[in-house]
Amino acid sequence: MRWTPQEYAGWGRALRARGEVARPQNPDDLLASETAPAFGMRRSYGDAALNSGGRAIDMSQLDRMLSFDPESGELHVEAGARIGDIAAAFAPRGWLPAVMPGTGFATVGGCVGQDVHGKNHHLLGSFSEHVAEITLIQQGGPVRVTPGSSLFRATAGGLGQTGVITSAKLRMRPCKGDVMIVTERRAADWDEHVALLDASRATYTVGWIDATATGAALGRGIVEEGESGAGLVRQRDKARRVPMDAPHFALAAPIVQVFNWAYYHRVPARGRTLVKPMADFFFPLDKIHDWNRLYGRRGFHQFQCVVPLAAVDELRAMLEEIATSGLASPLAVLKRMGPGRAGYLSFPMEGYTLAVDFPNRDAARALIKRLEARTADAGGRLYFAKDSLAEGAQIRAMYPELSDWQQEVAKADPEGAYVTDLIRRLQLRTTT
């Protein structure tokens, strides 16, 4: 493989790295390569994919679908395969990845490494709970990893620290077809929003929340419930690109407030049911390529936490602080989560998760710091896939199985060859 100097960033674009990047064309390239951390499409928002001053392996070219068993639904794919491509190829045949994140550009390797969750976490848990086998390249060569082992639990959600994920076998789930039947309902305030999420029995449920609404309207939003279906629906609109970095005022508070008001009122007060292209439901922002440029050259940060069910009032207080700050963007999500998690460092816990994007400004960074502290006080967690600002001692305390992960990682990578900027920033491999 050829190593090329490159500057690159996570999806939030607030954190960047300079180093050398190689792009293997086949798995054999990895066996002959220098050991280095790997990344996919870099859809993690912060520095999970970055290795400043070092080398990194871009796995996006290793994206083949290797085999499929139509009886069991088991799909063997290379780590660079994109979730959206898998869904598009198999939904017409009656199969879907069991768990899909909010972007179809996420790779299978990234989904394993972050143990991602989706709109059906309350029913089916996290991504790696539906993985039958992972193939890693470690310094000694290929290793096959199966559920039930400590190495699997250290790899699922393990941030790439046990080796380079080259392929995985996914247990796909049957679906009725390649469209989604979606019911949208307004939630007038926080209490109604939470009640609708709690009461939902749909396969897929998600809440868009107006993070600028205050007073009696605090927490208002739209709850979407989805089921797969079959039938005719117009094709998804052609994706568009953001051609340039937006100016600083593009996400000024008055503009965001007007947009959110209009977005909330697009759903009739009585609610409605629509038939949508599958990608429009699962990956709505993928229609706008490079949408991260809307935050301008300085990029953005996302705050995403999960808190236990009993801490729902503390989460409401966090939202109130966000709403009165004038800093939130239109991109804010509230979901009810189940207990499912596959790895020592997997993010989910049974409770509620709130995710809000903020432009990269001093006031927003200060606000996120306060929100992180409140998350810790509430017994919650921050999500490694979205974090770019947390401090080591704070986030380490949120993951009680950290020492188990550290022990397995020390065996898999004793020389620290897979360490990334995120691992260094949070000192995750430092034992105390």
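- The aromatic rings of Trp291 and Phe300 lie tilted to each other, with the angle between the two planes from 30° to 60°.
- Glu321 and Arg316 are not joined by a salt bridge, as no carboxylate oxygen comes within less than 4.0 angstrom of a charged side-chain nitrogen.
- Side-chain contact annotation: Glu227 with Thr203, donor-acceptor N/O pair under 3.5 Å present.
- Donor-acceptor pairing under 3.5 Å is recorded for the side chains of Ser200 and Glu225.
- Figure legend: cation-pi geometry between Lys119 and Tyr204 absent, as NZ or CZ is not positioned both under 6.0 Å from the six-membered ring centre and within 45° of its axis.
- A salt bridge links Arg341 with Glu401: the closest approach of a Lys/Arg side-chain nitrogen to an acidic carboxylate oxygen falls below 4.0 angstrom.
- In summary, Asp421 and Arg424 engage in a salt bridge, as defined by a charged side-chain N under 4.0 Å from a carboxylate O.
- Annotation: ring pair (Phe, Tyr, Trp, His ring centres under 6.0 Å) contacts of Phe358 (sequence neighbours excluded): none.
- Judged by distance alone, the side chains of Arg429 and Gln161 do bring a donor and an acceptor atom under 3.5 Å apart.
- Put simply, the side chain of Val409 reaches to within 4.5 Å of the side chain of Trp405, judged on heavy atoms.
- A distance of 6.0 Å or more separates the ring centres of Phe105 and Phe283.
- Here Leu151 contributes atom CG and Leu136 contributes atom CG; the two are 6.0 Å apart, rounded to the nearest 0.5 Å.
- In this structure, OG1 on Thr353 lies 5.5 Å from CE on Met337, to the nearest 0.5 angstrom.
- For Arg55 and Trp3, the positive end sits near the middle of the six-membered ring, less than 6.0 Å away and at most 45° from its axis.
- Side chains of Ser388 and Tyr45: a donor-acceptor N/O pair is absent below 3.5 angstrom, by distance only.
- For Asp198 and Arg336, the salt-bridge test passes: some basic side-chain N is under 4.0 Å from an acidic carboxylate O.
- For Glu391, the CD atom sits in a loose shell: 12 or fewer heavy atoms of surrounding residues, nucleotides or ligands are nearer than 6.0 Å.
- Here Asp29 does not pair with Arg23 in a salt bridge; the nearest charged N to carboxylate O distance is not below 4.0 Å.
- Using a cut-off of 4.0 Å between Lys/Arg side-chain N and Asp/Glu carboxylate O, Lys386 and Asp357 are scored as not salt-bridged.
- Note: His117 and His121 have perpendicular aromatic rings, judged against thresholds of 30 and 60 degrees for the angle between ring planes.
- Inter-residue side-chain proximity for Leu422 and Leu50 is flagged as unmet; no heavy-atom pair is nearer than 4.5 Å.
- Between the OG1 atom of Thr166 and the CD1 atom of Ile57 there is a distance of 11.0 Å, given to the nearest 0.5 Å.
- Among Tyr383, Phe127, Tyr399, Phe384, the one residue that satisfies the ring-ring contact (aromatic ring centres under 6.0 Å, His included) test with Phe347 is Tyr383.
- For the 3.5 Å distance criterion, the side chains of Thr420 and Asn51 fail to qualify, holding no donor opposite an acceptor.
- Inter-residue side-chain proximity for Thr205 and Val223 is flagged as met; some heavy-atom pair is nearer than 4.5 Å.
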